[in-house]
Each structure stands twice: as C-alpha cells, then as structure tokens.
Novice: 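One structure, as structure tokens, below. Some questions next.
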2 protein chains.
Amino acid sequence: MHLSNTEENYLKAIYKIAERKNKSASTNTIAKYIGTAPASVTDMLKRLAGKQMINYERYKGVTLTTIGGREATQLIRRHRLWEVFLASRLRFSWEAVHDIAEELEHIKSEELVNRLDAYLDYPKFDPHGDPIPNAQGKFTLRNQMSLSAALPGNKVVLLGVREHETSFLEYLNELNIGLGTEFTIKAFNNFDKSMNILVDHNKETLLSEKVCQILLVKKI
Amino acid sequence: MHLSNTEENYLKAIYKIAERKNKSASTNTIAKYIGTAPASVTDMLKRLAGKQMINYERYKGVTLTTIGGREATQLIRRHRLWEVFLASRLRFSWEAVHDIAEELEHIKSEELVNRLDAYLDYPKFDPHGDPIPNAQGKFTLRNQMSLSAALPGNKVVLLGVREHETSFLEYLNELNIGLGTEFTIKAFNNFDKSMNILVDHNKETLLSEKVCQILLVKKI
DNA sequence: AGTTATTTTTAGATTGGGCTAAATTTATTG
DNA sequence: CAATAAATTTAGCCCAATCTAAAAATAACT
Ligand SMILES: [Mn+2]
Ligand SMILES: [Mn+2]
Ligand SMILES: [Mn+2]
Ligand SMILES: [Mn+2]
C-alpha cells in the first residue's frame, strides 16, 4: 500500500498520541500535534480509514489497525536510525538531528533502511535515548526511571530525555549533561521538588522539578 | 527562495538537457525527460519563470537564469554525494544508487550536504564517474575520452559511463568491468566498429560500437 | 507561397492536502 | 434535564501538480 509523506506523518502522530495517552487519538489532539485545522484532520482520517490504516467512526477517536501500526513503527525506525547516523557519523548535535530526520524518514527503500541499520551496527537507541524498533518492529525495553524518582545519595547515568525541544537540549548542553553522563544526587528540596546534583566532581547544579521529570536515568 | 521537489526536478532536467544539447530546452524535450504531458510542462515553466529561475518566452525554449543554474548545480551536488554515500558506505552496487539518490537529493539542509561531503572526504566523482560540484558549484574537469576514440594496443582505465540504465550497468558487472577497471584494446573491427578488449589477462571480450561510445576512459 | 505537420499553449477537469465558516453531535453543568 | 460549551464534521473554497482535448503558433514540404 502506497502512503504519501503526509499520510505517514498522520500515522506517526496517531501512534505517538495513543502511546502517551494510552488510548485512542482524538481529532483535535491530532490537529494540534500535526499543526493543521481539525477539519483537515477529519478529511485525512477518512482517507486513512479507506486505506485500512485506522479504525475510524464519526465522533469517536481513532486507533491504528495492525497494518497502520506497522507503518508507524517502521517510520519511527527510519527516523531514529537516521538520527543515529546524523549524530554518530556526521557529528550533528542531538538538538539538530530531529528536523533533518523528519525529512529522511520518508525515503522509501526497505533495502536502504536495513543497510543503514547494519552500517550503524544495529543501534538500539537513538541520540535522545529513545528505543529503535528492529526490522520486525520490536522495541528494546530497559530499566529506566524518571530522575524525580531517584533519591539523594543515588549515583545515576542519563539514559534518555522525554522532551526534545531544541532549547531544552541546548540547556542540558550548557550544564554539560548528555546521554551517558553520570551524576550523584546531593539533595532533594521538598518545597519545590528540585534537586541538587553533582556532575563533574567540581560544580553542583540545581535541576527544577520539571527537568527532573524529563530526565530518564538508571542507578549505577 | 523555496522550491518544491517537483520544481527542483524541472530545473535539473533543463540543466541536463541544455548541457547535452548545448542550447535551450524545449517544452517537448522536458516533457519527455520528466515523463509528463507537454501541457504540464508549460504550466511549470510559467511558475519557474515567475520565480526567476528560467528565461521563458512563449514558443521559444527556456534557459536557466543564474540562480536557476545554481539551484540545479546544487541539486546535482546533493544527488551525486548521496550516490557516493550509498555506494561507498552502504555498499550499494552502482546500478542501485540512482533511484534512492533521486529522493535523497531533495532533503533541504545546507549543513547536511556539507557535512556529508566532509564525511565522504570531498569526493570529486560519483559511482558512475560523473563529477561532483563542490560547495561553490565548481566541477572538476579531467582528461577522458570515449573508448571509441582509443586505438588497438592502447591500455586504458575506465573513468565513467555515459549511460546509467540498470540493465546496462548490470551488463558491465557481468563482464567484470567497473570504474577503475584497466584493460587493453586488442583489435578494432572496422565493419561494425566493435572492439576486442582484454580485461583479466585471461578472457577476451567483444564490445559493440554503442558500448564503446558509452565508456569513458583514460590512456595509461 | 501555401498547405500540412509539429510543437506549444490554452481551456477545463481532477486529486491530494490544506483552509474557514457553519452545522451537527457529544460533553458539561446549573 | 435543559441549556450552554466543546469537539467534530460538513460545505465550500484554494493551490500545486497533473491530465486530455482543442486552439494557436512555428516549422517543414511540395
Ligand atoms: Mn526525532
Ligand atoms: Mn529521537
Ligand atoms: Mn544518478
Ligand atoms: Mn551518478
């Protein structure tokens, strides 16, 4: 079944919305996510339903069908593999890779993505720590938790970030925090739920509650 | 100035047609090259003229303007750099790279193409031996001639091919002829202008006039 | 030069993807 | 539970890129 770039983007949006809300995706949510008018979404939903990609019933939300889900997963696979390529091979910074990968992900060639995967040594996670589905669409799971759930005294390593905003990633760059960075939690401040952490043995850093919730870590 | 993929393809077509015919490009020629109806071409020519990309006058052919030429050259640069990436890094065969590069060439990022160029060590020629313009749009020239112009006794090396058809390239693969292959011309057959060449010291091969004209070589 | 053939353009239609404004359905709330 | 609010769909429009059929301009030939 041939899908246009736009159709693929809708499937990915539905996938990500349903993943996070753990339910069906509503017209308005999709509109907000894609950045179009709700009326345009309704049009597209009808077309995607016609292609058996989604289950659509007027005024109810939509869910992906099996093949729709597979398409979405493969798109995410391509996106994240290209992000790895851009970061690891072309030395792009982690805040720069997403926008370019948004275009690269639509290149249509099964052979290309599989060769790229092999060339990159079958990476399991992208430059933001998000899991890369394999050719069969299977994601790698791993133990990780929000930094908010860690306790003073814990030593942790950064595995991922829930927020991909350029400005946020640049903020982390300034703090010398990136994937793989290890740090110790020195204090938890109950009044505002912020944390004091020690990164480089020299400078102590304050992270707000919001930032702590975004950072995904593992105890070491 | 923003150009759609389609508009870029038209500019490239005009560039290549004018390059080979060494003149302006006609509506019908463009239509044949792109694979659309002449009426569609006329529409597009008007739009490209509106964007100052081509010089268009009803019923005369078209030529690229300075900025139109620059866009075409940059597109060719991206195309050929991606072909190098696909062949040299992902180990695609030279007959497989073109179709994928047709899509990759439209990825919009100056930074991306320049980093890719650096990553590939600033290649000067693509997997078919075609020159790759540098960031300033300058092509590398080199001494090469059609194999038809070589003489019996000459030892030559293959530098490029004028024809990129999959079936033709696969034919060369079967003959064990690729870029960099060296061979000696054993005989020129006047009646049909075919040539006998010796590739591997063991087997002698017959090349038709058509093939000889396509192969670009240098005496060694 | 006049007639025919070819090339190119115009006219009018279609499809994908978008928009706004109005209508309709579902949800919330006094 | 009726009335208002919010979400969703329908109606009608637009633009890019294509098409076919017909008209107009240019080229080729007796
Ligand atoms: Mn991304
Ligand atoms: Mn990512
Ligand atoms: Mn090519
Ligand atoms: Mn090439």
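Below, read A as the first sequence line, B as the second, and so on, with proteins coming before strands; counting in each chain starts at 1. The figures here come from the full heavy-atom set of this structure, side chains too, leaving out hydrogens, waters and symmetry mates.
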Novice: Please confirm whether the shortest side-chain N or O distance from A:Ser40 to OP1 or OP2 of C:dG18 is below 4.0 Å.
Specialist: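 The answer is no; no side-chain N or O of A:Ser40 sits under 4.0 Å from OP1 or OP2.
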Novice: Nearest whole angstrom, please: distance from the C1' of D:dT18 to the CG of B:Asn9.
Specialist: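 Going from B:Asn9 (CG) to D:dT18 (C1'), I get 14 Å.
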Novice: Any side-chain N or O of B:Ser26 less than 4.0 Å from the OP1 or OP2 oxygen of C:dT7?
Specialist: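 No, B:Ser26 has no side-chain N/O under 4.0 Å of OP1/OP2 on C:dT7.
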Novice: Using modelled atom types only, decide if a donor and an acceptor are shared between the side chain of B:Asn189 and the backbone of B:Lys193 within a distance under 3.5 Å.
Specialist: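 Not at all, since once roles are kept as given, no pair shorter than 3.5 Å links the two residues.
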Novice: Main chain of A:Gln52, side chain of A:Thr65: is a donor-acceptor contact present, judged purely on distance under 3.5 Å?
Specialist: yes
Novice: Please list residues of residues 51-65 of chain B whose heavy atoms come under 4.0 Å from any atom in DNA chain C, ordered by number; otherwise none.
Specialist: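 Correct list: B:Tyr56, B:Arg58, B:Tyr59.
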Novice: For B:Glu8 and D:dA16, give me the distance from atom CD to atom P, rounded to whole Å.
Specialist: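 One finds 16 Å between P of D:dA16 and CD of B:Glu8, rounded.
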Novice: Side chains of A:Val217 and A:Gln144, heavy atoms from C-beta outward: is any pair under 4.5 Å?
Specialist: no
Novice: What integer distance in Å separates B:Lys32:NZ from C:dT6:C1'?
Specialist: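 So the two atoms are 11 Å apart, to the nearest Å.
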Novice: Compare side-chain N and O positions of A:Asn28 against OP1 and OP2 of D:dA6 and report whether any pair is under 4.0 Å apart.
Specialist: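 Looking at the OP1 and OP2 atoms of D:dA6, neither is under 4.0 Å from any side-chain N or O of A:Asn28.
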Novice: When all nucleic acid strands are considered with a 4.0 Å heavy-atom cut-off, which category describes B:Thr6: base, sugar-phosphate, or nothing?
Specialist: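 If one applies the 4.0 Å heavy-atom cut-off, B:Thr6 turns out to touch the sugar-phosphate alone, with no base involved.
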Novice: Roughly how many Å is it from CG in B:Asp43 to P in D:dT20, rounded to a whole number?
Specialist: 14 Å
Novice: Determine whether the aromatic ring centres of residues A:Tyr15 and A:Tyr10 are separated by less than 6.0 angstrom.
Specialist: no
Novice: Regarding A:Asp192 and A:Ser194, do their side chains bring together a donor and an acceptor under 3.5 Å, going by distance alone?
Specialist: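 Yes, A:Ser194 and A:Asp192 have a side-chain donor paired with an acceptor closer than 3.5 Å.
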Novice: May I have the distance from A:Ile30 (atom CD1) to D:dT8 (atom P), rounded to whole angstrom?
Specialist: 9 Å
Novice: What pairs meet the ring-ring contact (aromatic ring centres under 6.0 Å, His included) rule with one or both residues in residues 97-118 of chain A, with sequence neighbours excluded?
Specialist: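 As it turns out, the ring-ring contact (aromatic ring centres under 6.0 Å, His included) pairs with a partner in residues 97-118 of chain A, which skip direct neighbours, are A:His79-A:His98.
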Novice: Across the strands shown, which category fits A:Thr42 at heavy-atom distances under 4.0 angstrom: base, sugar-phosphate, nothing?
Specialist: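 Answer is base: heavy atoms of A:Thr42 come under 4.0 Å of a base.
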Novice: In whole angstrom, what separates A:Leu48's CG from D:dT9's P?
Specialist: 13 Å
Novice: One thing to verify: whether B:Arg115 and B:Glu111 come together as a salt bridge, which I'm taking to mean a side-chain N less than 4.0 angstrom from a carboxylate O.
Specialist: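 Yes, charged N to carboxylate O under 4.0 Å.
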Novice: Let me know the distance between OH of B:Tyr10 and P of D:dA16, rounded to the nearest Å.
Specialist: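 Computing the B:Tyr10:OH to D:dA16:P distance gives 14 Å.
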Novice: Specify the separation, in whole Å, of atom NZ of A:Lys46 and atom P of C:dG18.
Specialist: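 Between P of C:dG18 and NZ of A:Lys46: 15 Å.
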